[in-house]
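Here the structure is a predicted model, which means the values were calculated and not measured. FYI, side chains are in, hydrogens and waters are out, and symmetry mates aren't considered; it's all heavy atoms of this structure.
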Amino acid sequence: MDFSLSQFFKSLLKLRRPVFRANNTGRIGSHGIALGCPPIPYDLADDFKLGNATVDHQHELIFHLALKASGLAKNPAERERLRSTFHEFGDLLKMHFTQEEQVLSSLKHPKLDQHRAEHQAMLGELESIRRRLAGNDGDWAYHEEALCMLNFMMGVTVGHMLGSDLDCALVPRAA
């Protein structure tokens, strides 16, 4: 597979501003919520944080899973690990969207309804991909399957989190 999410992030860093900053905490993110997991050697840069420790940490975990999937997608022998990572990503995403909407609701955020609609559309797409994966007994070419998962993950991370979520974070800052 020619596409690499990590290469995309490196290009993004050159074009815009740092999405991540290094951390040497030896744990996931800066919040230590899931100490049993492998460490993520970065935190989201402050400009990309919403200001809620739980939501920001979930964003870090979601990015981490997308980067992990990008590495797994290069090797057809990793099909089951890639699928497992995708399902973990989806489960986290469902929980994250619920919590993020609660935070935005508590702030009486003016874009809550629009944001909730985006979440529902993404969850619909997630379920569609999951059904397609469940019905695939090897007939679907690995690279097509991997690209479908990575495309969705990239849409969530780069498209939604670095777009809509950041936009939602900036509205209260501007007020």
*I would like to know whether Leu93 and His119 meet side chain to side chain contact (heavy atoms under 4.5 Å, CB included); could you show each step before the answer?*
CA-CA 9 Å; Leu93 202 59; His119 288 171; over 6 Å; no
*Carefully, step by step, assess Glu145 and Arg132 under the rule salt bridge (charged side-chain N to carboxylate O under 4.0 Å, His left out).*
CA-CA 9 Å; Glu145 181 178 307; Arg132 190 168 178 195; over 6 Å; no
_Looking at Ser84 and Glu80, would you say the former's side chain and the latter's main chain have a donor-acceptor pair under 3.5 Å?_
no
_Arg131 CZ to Ile129 CD1 distance, which is reported to the nearest 0.5 Å_ = 10.0 Å
*Mind running salt bridge (charged side-chain N to carboxylate O under 4.0 Å, His left out) on Asp91 and Lys94 for me, showing each step along the way?*
CA-CA 5 Å; Asp91 292 344; Lys94 285 180 177 184; 5.3 Å; no
*When rounded to the nearest 0.5 angstrom, what distance separates CG in Leu150 from NZ in Lys74?*
10.0 Å
*From Met149 CE over to Arg79 CZ, what is the distance, rounded to the nearest 0.5 angstrom?*
7.5 Å
*How many angstroms lie between CG in Leu92 and CD in Gln58, if you round to the nearest 0.5 Å?*
6.0 Å
*Between Arg116 and Glu101, is there a donor-acceptor pair closer than 3.5 Å when you use the side chain of the first and the backbone of the second?*
no
*Distance-only, no hydrogens or angles: does the Thr157 side chain make a donor-acceptor pair with backbone N or O of Met153 under 3.5 Å?*
yes
*Shortest non-hydrogen contact from Leu65 to Thr85?*
O-CG2, 3.6 Å
_To the closest 0.5 Å, what do you measure between CG (Leu104) and CD (Gln114)?_
11.5 Å
*Quick one: are Leu67 and His64 in side-chain contact, heavy atoms under 4.5 Å?*
no
*asked:* Angle between ring planes, Phe89 versus Phe86, binned at 30° and 60°: parallel, tilted or perpendicular?
replied: parallel
*What are the two closest heavy atoms between Arg130 and His87, and how far apart are they?*
NH2-O, 2.8 Å
*Does Phe97 have its ring centroid less than 6.0 Å away from the ring centroid of His160?*
yes
_side chain to side chain contact (heavy atoms under 4.5 Å, CB included) assessment of Phe63 paired with Val156_ = CA-CA 9 Å; Phe63 270 99; Val156 169; over 6 Å; no
*From CD (Glu144) to CG (Asn151), nearest 0.5 Å*: 12.0 Å
